[in-house]
Number of protein chains: 2
Amino acid sequence: MQSGHDLTMDKARQTAQGAEDAARRLPRDVREKAIIEGAIRFFAENGFEAATRALAKELGITQPLLYRYFPSKEVLIERVYNEVFVSRWNPEWEALIVDRSRPLEDRLIAFYRAYSKAVYDYVWVRIFVYSGLKKMDLNTRYLTIIREKVLIPICEELRHERGLPDTNSLPLGEDEVEMVWGLHGAFFYRAVRRFVYSLPERVPDDEAIANDIRQFLHGAPPTQKKIVKDRAKDRS
Amino acid sequence: MQSGHDLTMDKARQTAQGAEDAARRLPRDVREKAIIEGAIRFFAENGFEAATRALAKELGITQPLLYRYFPSKEVLIERVYNEVFVSRWNPEWEALIVDRSRPLEDRLIAFYRAYSKAVYDYVWVRIFVYSGLKKMDLNTRYLTIIREKVLIPICEELRHERGLPDTNSLPLGEDEVEMVWGLHGAFFYRAVRRFVYSLPERVPDDEAIANDIRQFLHGAPPTQKKIVKDRAKDRS
DNA sequence: TTTCCAGTTGATCAAATGATAATTAGGCAT
DNA sequence: ATGCCTAATTATCATTTGATCAACTGGAAA
């Protein structure tokens, strides 16, 4: 098989070998970036237990070269985390949620659509789930931010929207926050279905998200009123 | 440290060593069961890439013994899947959803509470997510069942509830099913938060589930009516 | 051209891993 | 008590894995 191949391949191998060709002898920073981006895709696909040799192969380089750029696999993985998570959170989103010059429905749709552009992403979702299973505090920290910067503000806007007491006179109850976790779950589980369980996207995201929000806002008031009433009773 | 311990430990070690004592020389079927149950907990915690030696240590046995009971690691993992998934689906649940002698709200709350008893479980959730990341068709198959046996029936009940045309005269649209995926996502994401991301259970499950359902049922009609109306228009 | 240096590779190590074979030892039937 | 059957262990193998090091290479500077 492949008889006489070797001679003709010898030339070709230099430009296209393995999955992607990796133009030999790159400047340091270019090669470093190539490794990181390759590592992101590779670990998102195969998990962090996957072998560095396989990563190198996919990059079209040899395995020891990785160690010229990163002192250990662990450090490389750390870099992958940073690259994927740190710069995908846009602080403007926080202001968007509490901008009372617009209807709440518009704000929430705008926020979750914008957020989906950053987060409905193969690499993001899988690396987030992988690191969650590994019990990295990264996830806990991230979800704490979600809670503080997204869910609780939404709770407060909901209170305001319905003319209910603000959170100073009546602190938020866990069940109120849990209610909004429901919205967030509907939103995030869509990405999990697609990127973890490989189910197809059957409804365009923007449409599905708008439905999520409308449904949430229509459904919330009764639950919310009940919760607040119960809490007011408990406190007397 | 531990001076003179060795002598007294010698006896104790026979009954309690490592994490759990593993009473030497068990009958074949008992040991087999012990291995499987240990493997379930072990792989749920550490993922399927984890080493068989670590598993053996946790079981209080030696690693080669595993191979007296299972020809390969892969076969053992297969057994773990079966043990965790096959027998946790209760066909009675399907009947419960479509039992029109009860209010839909009651049925859905009853179903999701019962389902949560089987599925809000450290082992179940983590193994399901692990196998999803590995792209086992197991997950796709399972979620197909969820779709057919749970989500679509709920859609049909919703149509009936609101006096809308049944699915024979107007087939279900993907967006209608997607809407119910939202409920399911709120439900399942609660378990992911707890067992994958290690967030605390802040609201009792039964209560949170009842809120999910009530909110869903209050929020669904407008969305649903809009969807059905749009579809009727498209078909003309 | 020659020198030099940074990018890259091939060879290799030590530890870990899945798996196997030979050996030991516990408990039941006789 | 004795001997047999088989559960369980010890020792070991081949492969894989993260990591290291000396040698090679190609282009820019002298």
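Quick note on labels: first sequence line is chain A, next is B, and so on, each numbered from 1. What's counted below: heavy atoms across the whole structure, side chains too, no hydrogens, waters or symmetry copies.
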Collect all protein-nucleotide pairs involving nucleotides 22-24 of chain D in which both atoms are nitrogen or oxygen and the distance is under 3.5 Å.
residue, atom, partner, partner atom, Å
D/dA22, N6, A/R68, NH2, 3.4

remark   = Whole-Å distance, B/Q63 CD to D/dA14 C1', equals 14 Å
inquiry  = Does D/dT6 have its OP1 or OP2 closer than 4.0 Å to a side-chain nitrogen or oxygen of B/R28?
reply    = no
message = Less than 6.0 angstrom separating the ring centers of A/Y197 and B/Y142, yes or no?
response = no
message = Whether the side chain of B/N139 engages the backbone of B/F128 through a donor-acceptor N/O pair (distance < 3.5 Å, no angle test) should be reported.
response = yes
A/K149 NZ: over 12 foreign heavy atoms closer than 6.0 Å = no
remark   = Which of A/K57, A/K73, A/Q63 passes side-chain hydrogen bond (donor to acceptor under 3.5 Å, both in side chains) with A/T52? It is A/Q63
ask   = B/F48 has an atom CZ; how far is it from atom C1' of C/dT17, in whole Å?
value = 18 Å
ask   = Where does the angle between the aromatic ring planes of B/F48 and B/Y81 fall among parallel (under 30°), tilted (30 to 60°) and perpendicular (over 60°)?
value = tilted
Produce the list of close N/O pairs, under 3.5 Å, pairing protein atoms with atoms of nucleotides 24-27 of chain C; give distances to one decimal.
residue, atom, partner, partner atom, Å
C/dG26, N2, B/R25, NH2, 2.4
C/dG26, N3, B/R25, NE, 3.2
C/dG26, N3, B/R25, NH2, 3.0

inquiry  = Please evaluate residues A/R147 and A/E174 with respect to the criterion salt bridge (Lys or Arg N to Asp or Glu O under 4.0 Å), reporting the C-alpha separation (whole Å), side-chain torsions for both, the decisive distance (0.1 Å), and the verdict.
reply    = CA-CA 11 Å; A/R147 185 186 156 93; A/E174 290 301 344; 3.4 Å; yes
ask   = Is the distance from OP1 or OP2 of C/dT17 to the nearest side-chain N or O of B/T52 less than 4.0 Å?
value = no
task = Verify the contact: side-chain N or O of A/Y69 to OP1 or OP2 of C/dT8, cut-off strictly under 4.0 Å; return yes or no.
result = yes
message = Expressed as a whole number of angstroms, how long is the span from B/K57:NZ to C/dT17:C1'?
response = 15 Å
message = Is there, by distance only and without an angle test, a donor paired with an acceptor across the side chain of A/R53 and the base of D/dG18 below 3.5 Å?
response = yes
inquiry  = Please identify which of these residues, B/V150, B/T144, B/L151, meets the side-chain contact (heavy atoms from CB on, under 4.5 Å) condition with B/E148.
reply    = B/T144
remark   = Residues in residues 70-78 of chain A with a heavy atom under 4.0 Å of DNA chain C, by number, are none
task = For B/P64, answer base if it contacts any base atom (sugar-phosphate contacts may also be present), sugar-phosphate if it contacts only those atoms, and nothing otherwise; contact means non-hydrogen atoms under 4.0 Å.
result = base
ask   = Do B/L65 and B/R68 have side-chain heavy atoms sitting under 4.5 Å apart?
value = yes
inquiry  = Please determine whether side-chain hydrogen bond (donor to acceptor under 3.5 Å, both in side chains) holds for the pair B/E94 and B/W89, giving the CA-CA distance in whole Å, both sets of side-chain angles, and the decisive distance to 0.1 Å.
reply    = CA-CA 10 Å; B/E94 305 170 24; B/W89 181 262; 3.1 Å; yes
task = Note the angle between the end axes of the helix from C/dT1-D/dA30 to C/dT30-D/dA1, five pairs defining each, rounded to 10 degrees.
result = 10°
key: Shortest non-hydrogen separation from A/A118 to A/W93 and the atoms involved   = CB-CH2, 3.9 Å
task = Kindly indicate whether a cation-pi arrangement holds for B/R79 with B/F70, taking the cut-offs as under 6.0 Å to the six-membered ring centre and within 45° of the axis.
result = no
ask   = Checking B/R113 side chain against B/D206 main chain: does a donor-acceptor pair fall under 3.5 Å?
value = yes
key: Gap between atoms CG and P, on B/L66 and D/dA7 respectively (whole Å)   = 15 Å
task = Would you indicate, yes or no, if D/dC21 has its OP1 or OP2 atom less than 4.0 angstrom from a side-chain nitrogen or oxygen of A/Y67?
result = no
inquiry  = Expressed as a whole number of angstroms, how long is the span from A/E49:CD to C/dA16:P?
reply    = 15 Å
query = Could you state the interatomic distance from CD (B/E74) to CG (B/L76), rounded to the nearest 0.5 Å?
reply = 11.0 Å
query = Does any residue of residues 129-137 of chain A have a heavy atom under 4.0 Å from DNA chain C, and if so, which ones, in number order?
reply = none
message = Does atom NZ (A/K33) have a neighbourhood of more than 12 heavy atoms from anything else shown, all under 6.0 Å?
response = no
remark   = Closest heavy-atom pair, B/A44 versus B/Y130, reported as atoms and distance to 0.1 Å, is O-CE1, 3.5 Å
Rounded distance (Å) that lies between atom C1' of D/dA11 and atom CG of B/L65 = 16 Å
message = Checking the side chain of B/R126 only, and the main-chain atoms of B/E45 only, is there a donor and an acceptor separated by less than 3.5 Å?
response = yes
ask   = When all nucleic acid strands are considered with a 4.0 Å heavy-atom cut-off, which category describes B/A50: base, sugar-phosphate, or nothing?
value = sugar-phosphate
Distance-only check: which donor-acceptor pairs under 3.5 Å involve side-chain atoms of residues 183-195 of chain A, not counting sequence neighbours?
residue, atom, partner, partner atom, Å
A/H184, ND1, A/Y112, OH, 2.8
A/R190, NE, B/E178, OE2, 2.5
A/R190, NH1, A/Y120, OH, 3.2
A/R190, NH1, A/D212, OD2, 3.0
A/R190, NH2, A/D212, OD1, 3.1
A/R190, NH2, A/D212, OD2, 3.0
A/R190, NH2, B/E178, OE2, 3.2
A/R193, NH2, B/E178, OE1, 2.8
A/R193, NH2, B/E178, OE2, 3.3
A/R194, NH1, A/D205, OD2, 3.1
A/R194, NH2, A/D205, OD1, 2.7

